[in-house]
Amino acid sequence: MQEITVPPNGRPSRSTIRFGLCCLFAAQPIKFRQTTAQALAPLPREQQLERLSAICQHNLQQVSQAMRYLVEQGIGAFRLMSPLFPRHSQPQVGYALADLPEIEAIYHQCQAIRHFQGQHDLRLSLHPDQFNVLASPHPQVVANTLRELECQGELAELLGVEVINIHVGGAYGDKQAAMGRLQTNFPRLSTRVRSRLTLENDDVSYTPADVLPLCRQLGIPFVYDVHHHRCLPDGLSCERATEEWLALWQALGREPYGHLSSPKHGWASAKPRPHADYIDPADFPDPWRGQAITVDLEAKAKELAVRRLMTELMPQSAF
DNA sequence: GCATGTCAAGTTGTG
DNA sequence: CACAACTTGACATGC
């Protein structure tokens with residue numbers, strides 16, 4: 001294992017802003033593996049588990065490499081791929097971790113990751129995908145969501161992941177009713193999931209003005225995606241939303257988590273939603289300057305985008 | 001090798 | 001009404 005040297009390039013080791021990378025790498029040779037239920041289905045159970053076990057080990061090894069790189073670069077947060085353990089909760093080919101043939105090695109890898117994360121103050125998060133809808137009126141959808149979130153919670157505990165972030169989901173023509181269903185379903189989650197769960201504003205239905213009160217009622221933090229807020233504005237200014245966002249996390253004694261990205265086709269385009277390769281420093285919200293927060297950067301150029309924004313913003317005294 | 005269609009799952013808006 | 005977009009490609013198949 002390489003010796004970690006922080007800071008690189010003579011820059012200060014920590015700004016008050018902690019920047020985060022999402023899931024993947026553009027240039028670094030760090031790749032995650034996957035498999036599909038269809039590919040597994042024809043195999044005997046034993047072979048399915050062998051294959052899954054190998055993929056899990058590969059992915060954990062890649063996480064270790066990713067974390068070492070991030071620490072070297074002064075990048076303080078990392079969003080893990082949600083299918084790190086592929087098909088974990090899938091009804092037909094899903095599995096309990098204890099069933100994997102190499103489970104001892106896997107636990108050992110997890111422990112090493114958790115230890116490294118703690119040693120280097122690297123903040124880990126998970127962002128289970130769009131199929132997880134606690135506000136759905138369909139019991140089956142909610143049941144699938146609960147099952148998947150519990151798998152994510154198990155993973156989070158093993159790896160030292162602090163945040164499991166999801167969206168509220170669909171509106172079904174009545175946002176208040178949908179948010180009520182989410183509140184009803186929330187207590188059905190285990191403590192290990194509830195203690196990590198956060199809700200994020202999206203760009204089609206739920207704005208910060210919707211999600212902030214919901215989070216307050218549930219006693220969980222709000223992840224502020226400022227790009228979504230710009231795509232789907234509400235009565236709240238960025239300043240106001242930022243104040244409430246920070247207050248919520250501070251009340252819980254935790255460091256605020258936000259998301260930032262730039263529009264691929266510019267703000268004037270008809271569709272500002274798709275993410276650009278890099279972050280335009282002008283898109284960094286003024287009210288966020290100087291705050292002790294974590295900002296995940298959603299940019300196609302991945303680690304290159306994080307490094308570029310950090311170099312562009314660091315020299316300024318505001319950081 | 002390389003190109004291409006497919007992958008568990010939900011919901012919404014667009015063409 | 002089919003399909004892309006969403007945090008994001010990688011896998012599996014066929015040539």
Side-chain angles (χ1 to χ4, degrees), chain A residues 20-26 29-43 51-52 54-55 58-59 62 66 77-95 124-149 151-152 163-175 178 181-182 185 198-206 223 225-228 231-232 257-265 269-277 279 295-303 305-306:
Chain A
L21 172 73
C22 297
C23 309
L24 303 172
F25 290 79
I30 294 170
K31 300 276 180 212
F32 295 93
R33 289 186 57 199
Q34 261 279 28
T35 188
T36 62
Q38 262 194 18
L40 292 170
L43 303 175
R51 194 146 164 185
L52 288 161
I55 294 175
H58 170 88
N59 287 347
Q62 298 301 295
F78 185 42
R79 182 191 301 178
L80 300 169
M81 298 269 298
S82 44
L84 199 68
F85 288 2
R87 312 283 78 87
H88 193 176
S89 75
Q90 205 271 350
Q92 276 75 49
V93 302
Y95 48 96
L124 299 179
S125 67
L126 284 162
H127 199 345
D129 45 20
Q130 64 270 29
F131 312 111
N132 293 284
V133 189
L134 284 176
S136 176
H138 313 294
Q140 193 54 55
V141 172
V142 175
N144 290 344
T145 300
L146 295 171
R147 192 152 33 83
E148 170 64 13
L149 289 178
C151 283
Q152 298 275 311
V163 163
I164 300 175
N165 180 45
I166 60 172
H167 293 281
V168 178
Y172 316 91
D174 186 344
K175 283 198 272 189
R181 284 193 296 273
L182 189 150
N185 290 323
T198 62
L199 294 173
E200 175 186 346
N201 61 303
D202 64 64
D203 56 1
V204 286
S205 304
Y206 294 93
V223 170
D225 187 317
V226 71
H227 181 76
H228 288 160
C231 289
L232 182 69
Y257 224 116
H259 294 173
L260 174 66
S261 52
S262 284
K264 188 178 180 68
H265 308 292
S269 76
K271 301 209 294 185
R273 278 185 212 149
H275 294 165
D277 290 347
I279 308 290
V295 181
D296 273 355
L297 302 183
E298 296 174 337
K300 302 278 185 192
K302 296 297 167 190
E303 81 276 21
V306 180

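Lettering of chains follows the sequences in order, A, B, ..., and the numbering in each one begins at 1.
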### Query
Is F131(A) stacked on the base of dG10(B) when the test is centres under 5.5 angstrom and planes under 30 degrees?
no

### Message
As a check on the pairing definition, encode DNA chain B in dot-bracket form, counting Watson-Crick and G-U wobble pairs whose two distances are under 3.5 Å, and using | for partners outside this strand.
### Response
|||||||..||||||

### Query
Distance between the P atoms of dA9(B) and dA4(C), in whole angstroms?
15 Å

### Message
Once rounded to the nearest 0.5 Å, what's the spacing between atom SG of C151(A) and atom OH of Y95(A)?
### Response
8.0 Å

### Query
When rounded to the nearest 0.5 angstrom, what is the spacing between SG in C23(A) and CD1 in I30(A)?
13.0 Å

### Nucleotide dT11(B), atom P - distance to OH of Y206(A) in whole Å
10 Å

### Task
Have a look at H259(A) and say if it touches a base, only the backbone sugar-phosphate, or nothing, with a 4.0 Å heavy-atom cut-off.
nothing

### Message
Does T145(A) reach a base, just sugar-phosphate, or nothing at all? Heavy atoms under 4.0 Å.
### Response
nothing

### Query
Which value, in whole Å, describes the distance between the P atoms of nucleotides dC6(C) and dT4(B)?
23 Å

## Note on the structure
The nucleotide from dT7(C), dG10(B), dA8(B) with an atom nearest the side chain of Q90(A) is dA8(B)

#### Entry: Minimum-distance nucleotide to S89(A) side chain [options: dA10(C), dT7(C), dA8(B)]
dA8(B)

### Message
Looking at K300(A), I'd like to know whether one of its side-chain N or O atoms comes within less than 4.0 Å of OP1 or OP2 on dT8(C).
### Response
yes

### Task
Measure the CD-CG distance between E148(A) and D129(A) for me, rounded to the nearest 0.5 Å.
7.0 Å

### Task
Mind checking Q130(A) for me? I need base, sugar-phosphate or nothing, with any heavy atom below 4.0 Å counting as a touch.
base

### Separation of the P atoms in dA5(C) and dG5(B), to the nearest angstrom
16 Å

### Task
State which of dC11(C), dA8(B), dT7(C) makes the closest approach to the side chain of R33(A).
dC11(C)

### Task
Could you give the distance separating dG13(B) and dT7(C) at their P atoms, to the nearest angstrom?
15 Å

### Query
Should the pair H259(A) and H127(A) be assigned to parallel (<30°), tilted (30 to 60°) or perpendicular (>60°) ring geometry?
tilted

### Task
Can you tell me the distance, in whole Å, between the CZ atom of F32(A) and the C1' atom of dC11(C)?
16 Å

### Query
Heavy atoms under 4.0 Å, any strand shown: does D296(A) hit a base, just sugar-phosphate, or nothing?
nothing

### Task
Tell me yes or no: between the side chains of E298(A) and H227(A), is some donor less than 3.5 Å from an acceptor?
no

### Query
Distance check: side-chain N/O of H275(A) vs OP1/OP2 of dC6(C), anything under 4.0 Å?
no

#### Entry: Distance between P atoms of dA12(C) and dA8(B) (Å, rounded)
10 Å

### Task
Round to a whole Å and report the spacing from CG of L84(A) to P of dA10(C).
14 Å

### Query
Is there side-chain contact between L84(A) and F32(A), with heavy atoms separated by less than 4.5 Å?
yes

### Message
I'd like to know if the side chain of D202(A) reaches the main chain of H228(A), judged simply by a donor and an acceptor atom lying under 3.5 Å from each other, with no hydrogens or angles considered.
### Response
no

### Message
Distance check, C1' atoms only: dC7(B) and dC1(C), in whole angstrom units.
### Response
23 Å

### Query
Going by atom types alone, do S125(A) and Y257(A) pair a side-chain donor with an acceptor below 3.5 Å?
yes

### Task
Could you tell me the separation between the CZ atom of R147(A) and the CD atom of Q152(A), rounded to the nearest 0.5 Å?
12.5 Å

#### Entry: Contact pattern, 5' to 3', of nucleotides 1-7 of chain B - B, S or - by protein heavy atom under 4.0 Å
------S

### Message
Pick the closest DNA chain C nucleotide for C22(A) and for I30(A) by heavy atoms, then say which residue is nearer the 5' end.
### Response
C22(A)

### Task
Over all heavy atoms of both residues, which pair between Y172(A) and A178(A) is shortest? Give the atoms and the distance, please.
CD1-CB, 4.1 Å

## Note on the structure
F25(A) CZ to dA10(C) P, in whole Å, measures 12 Å

### Message
In whole Å, I'd like the distance from the OH atom of Y257(A) to the P atom of dT7(C).
### Response
15 Å

### Task
Could you check how far CG of D129(A) sits from C1' of dA5(C), rounded to whole Å?
13 Å

### Query
Do L149(A) and L134(A) pass the side-chain contact (heavy atoms from CB on, under 4.5 Å) test, and can you show the C-alpha distance, the side-chain angles, and the key distance before you say yes or no?
CA-CA 10 Å; L149(A) 289 178; L134(A) 284 176; 4.2 Å; yes

### Query
For the pair made of CG in D203(A) and C1' in dT14(B), what is the distance, rounded to whole Å?
14 Å

### Query
What nucleic acid atoms does R147(A) come within less than 4.0 Å of, heavy atoms only: base, sugar-phosphate, or nothing?
nothing

### Task
Could you check E148(A) against H138(A) and say which one's nearest nucleotide on DNA chain B is further toward the 5' end?
E148(A)

### Query
Nearest-Å distance, CG (L134(A)) to C1' (dT11(B))?
15 Å

